[in-house]
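Input: a single structure, listed below in structure tokens.
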Amino acid sequence: MPELPDLTVFSENLTKAFKGKTLTSVRIFHGKRCDTSQVFEEKVLNKTLSEVKTIGKEMFFHFGEDVHFGVHLMLKGGTAISEELESISYKIAAFGFNDGKFVVITDPQRWAKVIVNLAKDSTPDALLGSLTLDDFKSALRRFHGKPVKAFLIDQAVMKGIGNAYADEILYDVKVDPASLCNKLPDEIIVSLHKQIPVTLQWGVNEIRKLTPDAVSGEGRAFMKVHRKDLDKTTTGFVIQQKDVAGKNSYFTAEQVYYG
């Protein structure tokens, strides 16, 4: 699943490609989780794209005057830029612009959502670090004896952290992913709160270097622990795996278990 750093880079590149261009056509191929073509035509057709922005795991295509459509790629969705549609598989929706190019939303599972004026909730965005330390501590207390990994990936607490980046964040603060929320020392809580946007921004920077023009995929080749192709960290510790909160979690013996 693309996570917040991936989507941030996708949004930057989609903005570069289509900012200032006019939406001239809309085709919905699988509408179970999308608005109809008619809704798009009524709200955004013939309008000019101002920017594409990411909030959590959603991308918002803005057309000014508080008009936008939101995209949630779900587990296996993606985006593509193309001058034709026939060669693209698993199309959910295609948006044609006046330069002859399309933004295509794809998903082999057909779970992706594309909604006009998709509601933006008030849940803090993890990359922006907009959850205060006090609110962060309060949220941890609500999770009590649950694993800290479960806390990090709960989208009702913070938007945007998925399985891979939760492992990277916990590796950076040297906390075992199965550690219990109510057993974390205060200094670890402070470090964890501070580290979340730092690790996510590191991910954004690495993806920009690895695949600077990306509008789809999952940048993982630079990760320190959450990688199937890596046996040891740069510090020489064996990378282990275990199920935590229903997720396959990567960690090392460097990480302290609090429980």
Smallest separation among heavy atoms of P147 and P177, with atom names: CB-O, 3.7 Å
T123 versus A156, closest heavy-atom pair with distance: CG2-O, 3.7 Å
Could you tell me whether the side chain of [X] and the main chain of [Y] form a donor-acceptor pair under 3.5 Å?
X: S179; Y: Y258; answer: yes
X: Q109; Y: W111; answer: no
X: T24; Y: G96; answer: yes
X: T233; Y: T235; answer: yes
X: D125; Y: G56; answer: yes
X: N163; Y: K247; answer: no
X: E168; Y: V225; answer: yes
X: N13; Y: A214; answer: yes

[X] atom [atom1], neighbour heavy-atom count above 12 within 6.0 Å:
X: K183; atom1: NZ; result: no
X: R110; atom1: CZ; result: no
X: Y90; atom1: OH; result: no
X: R27; atom1: CZ; result: no
X: Q38; atom1: CD; result: no

Which distance, rounded to the nearest 0.5 Å, do you find between the [atom1] of [X] and the [atom2] of [Y]?
X: M59; Y: I105; atom1: CE; atom2: CD1; value: 5.5 Å
X: L49; Y: T22; atom1: CG; atom2: OG1; value: 9.5 Å
X: L128; Y: L4; atom1: CG; atom2: CG; value: 8.0 Å
X: N98; Y: N46; atom1: CG; atom2: CG; value: 9.5 Å

Steps toward ring-ring contact (aromatic ring centres under 6.0 Å, His included) verdict (F136, H193): CA-CA 7 Å; F136 187 80; H193 175 261; 5.1 Å; yes
Candidate pair K16 and D213, rule salt bridge (charged side-chain N to carboxylate O under 4.0 Å, His left out), full reasoning: CA-CA 10 Å; K16 289 176 188 176; D213 300 319; over 6 Å; no
Y171 and its side-chain hydrogen bond (donor to acceptor under 3.5 Å, both in side chains) partner, picked from E254, Q255, K224: E254
Set of residues satisfying salt bridge (Lys or Arg N to Asp or Glu O under 4.0 Å) with respect to D66, sequence neighbours excluded: none
side-chain contact (heavy atoms from CB on, under 4.5 Å) between L152 and M158, worked out: CA-CA 7 Å; L152 288 177; M158 291 173 287; 4.2 Å; yes
I92 vs C34, side-chain contact (heavy atoms from CB on, under 4.5 Å): CA-CA, chis, key distance, verdict: CA-CA 8 Å; I92 298 295; C34 304; 3.5 Å; yes
Using 4.0 Å as the upper bound for N to carboxylate O, is an ion pair formed by [Y] and [X]?
X: D99; Y: K21; value: yes
X: E58; Y: K113; value: no
X: D6; Y: R220; value: yes

CA sep, side-chain torsions, deciding dist, call: F102, I81, side-chain contact (heavy atoms from CB on, under 4.5 Å): CA-CA 6 Å; F102 295 89; I81 297 174; over 6 Å; no
If we ignore angles and hydrogens, is there a donor and acceptor under 3.5 Å between the side chains of [X] and [Y]?
X: Q195; Y: S191; result: no
X: T132; Y: D135; result: yes
X: K53; Y: S11; result: no

Step-by-step side-chain contact (heavy atoms from CB on, under 4.5 Å) determination, I88 to K91: CA-CA 7 Å; I88 299 177; K91 294 183 288 290; 3.9 Å; yes
Salt bridge (charged side-chain N to carboxylate O under 4.0 Å, His left out) evaluation trace for D167 with K149: CA-CA 8 Å; D167 285 348; K149 174 75 175 276; 2.8 Å; yes
Residue pairs fulfilling ring-ring contact (aromatic ring centres under 6.0 Å, His included) with at least one residue in residues 25-46, sequence neighbours excluded: F40-F69, F40-F95
Parallel, tilted or perpendicular, as decided by the 30° and 60° cut-offs, for the rings of Y250 and H226: tilted
Test: K242 cationic atom under 6.0 Å from F251 six-membered ring centre, within 45° of axis: yes
Of L180, N182, D154, the residue whose pairing with F143 passes side-chain contact (heavy atoms from CB on, under 4.5 Å): D154
